[in-house]
**Student:** 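Sharing a structure, written as structure tokens. Questions coming.
Atoms within each ligand, like the ligands themselves, are counted from 1 in listed order. What's counted below: heavy atoms across the whole structure, side chains too, no hydrogens, waters or symmetry copies. Heads up: numbering here begins at 1 and tracks the sequence. Since the model is a prediction, treat every value here as computed from it, not as a measurement.
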Amino acid sequence: MADGGYDVSDYCDIDARFGTLADADALIADAHGLGLRVVIDLVANHTSSEHPWFTAALAAAPGSPERDRYFFRDGRSGGEEPPNDWISAFGGSAWTRVSEPDGRPGQWYLHLFAPEQPDLDWDQSAVREAFDAVLRFWLDRGVDGLRVDAAPAMAKQPGLPDAGHVPGARFESRTWVGNPHWDVDGVHDILRRWRAIGDGYDGDRLFVTEAVVRDPERLSRYVRPDEMHTSFNFDYLTAPWEPRRLRTVIDESIAALDRVGAPPTWVLSSHDETRHVTRFGRADSSAATMGFDTGRPPADLDLGLRRARAAALLTLALPGSAYLYQGEELGLPEVEDLPDEALQDPTWERSGHTARGRDGCRVPLPWSGDTTPFGFTTEGIAPWLPQPTSWAALTVAAQGADPASTLSLYRAALRLRRSVPALHAEPLSWVSSDDDVLAFDRGPAFRCVVNLSDRSIDLGGQDRVLLASGPCSGSLPPDTAAWLSSPGEE
Ligand code: GLC
């Protein structure tokens, strides 16, 4: 748990804190019984430093096959300096020096994330073959798909050349992309290999990749017909609440993915990013990744929630698939005031306590009741991150009973998304509107209007409103979205 579980020491077992393999089997069976599918996270760029391969590599000599599974290199300047200038996503150098079995300071190993997450060398056939078996292990158990973690990291440029980072450079995913350790073409060989394994199984098996890359065109390479089925869309996730930028991202995403025959996807939040209620309530509403946005002015959370609700209707009206991050359906804000001693994200330590990291978007959900742990754990047992007492008003139980709640909005939107045929089949076509309004049709019978301006706009009749993200009576207030039936007159 050095990085919230993204440090795996046994790919074919369940951490005892979470249960057993029998529990996993029961969960998969129960989910299937409810018509839900289960996608597991495959973290294959790196293992845990507690994985038996890494322990064996530490005990073995430089140049040994055990070390070859990872990136062990001699340091520069007589061994004193890291082998190159690469930086870790959590801050600091991407290299850590080991003590050799005889106790002397020795080689360095690569970790693009935390030191407890040594990178595997995917050019090694031993690594490739071992992971084929891991995929089969889970697909055989009945999982419906895999979410491929940090896919662009899995191939490195031969020779591991410097990236050109200045000393002390900080991770910024947007400046990371296109480096010799990110989005290198060799990664696609690995993805094709996995897709071929998945295609050998009955039923629908979904492969989705996490790929933060330079632009939609680079992203489209991950979802070519023989690679992943789909991918998170970080250009959409990081777009500010700004009409022109959103429209450009939407158009570019649809066009780039269409060229390779993949569905577009939309995502507003994840376990790595500031929750979008908070992000959209900031003067600068663009996203900083991996919790590196400390020091931003406080958010206007009423404004953020209004925008987040409108963004939900925008997102769920777009063609393709949408990813919802647990808690966004409750309108949860980022918890920005977690006590220092509660923080668990490695970013906090690795940044020298300058970036608080991602814990604020990971606080356990409030289910019910007036006091913590709000039904998340048994009364009297503290959840792994403290929940704000103010979340009493945001519990699933409280919101489920309130038709105006964010949970009710999401439920209504998801119900319509299933039942309105236009939302399955029809392409998006923009409707001419003011620059600060996003309006599009999905065929002749459905329209989505999002008002990003600072004035109300006329909707031409309340009777056409299927659903709105806020109070709306024939005119749409600022930062509000509506779904309309039969667009009618232009
Ligand atoms: C991905 C995960 C993130 C994790 C990292 C390292 O970006 O989403 O949570 O820290 O990979 O595995």
Side-chain angles (χ1 to χ4, degrees), residues 1-11 15 39-51 54 70-71 86-92 94 96 109-120 122 131 134 146-156 170-177 179 181-183 187 190-191 207-213 219 222 228 230-235 237-238 265 267-275 287-293 323-328 334 343-351 355-363 384-385:
M1 297 297 280
D3 177 24
Y6 283 89
D7 42 333
V8 179
S9 58
D10 184 347
Y11 287 87
D15 187 311
V39 174
I40 62 162
D41 214 331
L42 179 66
V43 186
N45 173 65
H46 41 264
T47 67
S48 159
S49 53
E50 292 175 16
H51 192 287
F54 193 72
Y70 296 90
F71 292 94
W86 297 0
I87 53 176
S88 150
F90 302 136
T96 290
Y109 70 90
L110 177 68
H111 51 87
L112 289 180
F113 295 91
E116 296 86 352
Q117 296 167 297
D119 280 51
L120 287 166
W122 273 88
F131 273 89
V134 171
L146 302 168
R147 177 256 192 203
V148 175
D149 183 62
M154 286 193 299
K156 279 85 178 170
R170 234 165 67 154
F171 170 78
E172 259 301 335
S173 66
R174 297 280 132 188
T175 58
W176 227 35
V177 301
N179 278 320
H181 53 64
W182 201 257
D183 197 16
V187 76
I190 306 165
L191 301 183
F207 285 161
V208 48
T209 179
E210 185 211 21
V212 178
V213 290
L219 183 66
Y222 287 77
M228 304 285 96
T230 174
S231 172
F232 298 111
N233 181 346
F234 286 93
D235 285 300
L237 186 150
T238 55
T265 62
V267 56
L268 289 164
S269 270
S270 83
H271 65 293
D272 293 326
E273 318 297 346
T274 301
R275 282 192 178 274
T289 43
M290 302 296 247
F292 276 100
D293 56 358
Y323 291 92
L324 306 183
Y325 174 53
Q326 52 111 359
E328 72 169 83
E334 183 83 1
L343 297 179
Q344 316 218 6
D345 186 337
T347 305
W348 174 239
E349 291 301 329
R350 302 268 312 162
S351 69
R356 299 182 71 76
R358 302 157 293 171
D359 295 315
C361 67
R362 299 175 173 184
V363 173
W384 69 284
L385 288 168

**Student:** Would you sort out whether Tyr6 and His271 count as a ring-ring contact (aromatic ring centres under 6.0 Å, His included), showing the intermediate values?
**Tutor:** CA-CA 12 Å; Tyr6 283 89; His271 65 293; 5.5 Å; yes
**Student:** Applying a strict 4.0 Å limit to heavy atoms, is His111 in contact with ligand 1?
**Tutor:**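 Checking ligand 1 against His111, which is what was asked, there is no heavy-atom contact under 4.0 Å.
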**Student:** Students should be able to answer this: which protein heavy-atom is nearest to atom 2 (C) of ligand 1, and at what distance?
**Tutor:**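 Sorting protein heavy atoms by distance from atom 2 (C) of ligand 1 puts Asp149 OD1, 3.1 Å first.
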**Student:** Using a strict 4.0 Å cut-off to heavy atoms of Phe90, name the atoms of ligand 1 that fall inside it.
**Tutor:**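 Listed by number with element: 10 (O).
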**Student:** Inspect the surroundings of CD in Gln326 and state if more than 12 heavy atoms from other residues, nucleotides or ligands are less than 6.0 Å away.
**Tutor:** yes
**Student:** Identify the heavy atoms of Glu210 and Arg147 that sit nearest to each other, and give their distance.
**Tutor:**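 So the minimum-distance heavy-atom pair works out to CD-NH2, 3.4 Å.
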**Student:** What is the ring orientation for Phe113 with His46, classed by angle as parallel under 30°, tilted 30 to 60°, or perpendicular over 60°?
**Tutor:**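 Geometry flag for His46 against Phe113: tilted rings.
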**Student:** Please state which part of Arg362 comes within less than 4.0 Å of ligand 1, counting heavy atoms only: side chain, backbone, both or neither.
**Tutor:** side chain
**Student:** Parallel, tilted or perpendicular, judged at 30° and 60°: which one describes the rings of Trp86 and His181?
**Tutor:** perpendicular
**Student:** Select one of side chain, backbone, both or neither to describe which atoms of Phe232 lie under 4.0 Å from any atom of ligand 1, heavy atoms only.
**Tutor:** neither
**Student:** Any idea which atoms of ligand 1 are less than 4.0 Å away from a heavy-atom of Arg358?
**Tutor:**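 Those qualifying, in numeric order: 3 (C), 4 (C), 9 (O), 10 (O).
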**Student:** Provide, to 0.1 Å, the distance between atom 8 (O) of ligand 1 and the closest protein heavy atom, together with that atom's residue and name.
**Tutor:** Asp272 OD2, 2.5 Å
**Student:** Give the ring-plane orientation class for Phe54 versus Tyr109, where under 30° counts as parallel, over 60° as perpendicular and anything between as tilted.
**Tutor:**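 Perpendicular, since the angle between the ring planes exceeds 60°.
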**Student:** Among protein heavy atoms, which lies nearest atom 7 (O) of ligand 1, and at what distance?
**Tutor:**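 Result for atom 7 (O) of ligand 1: Glu210 OE2, 2.8 Å.
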**Student:** With the threshold set at under 4.0 angstrom, would you say Arg147 reaches ligand 1 through any of its heavy atoms?
**Tutor:** yes
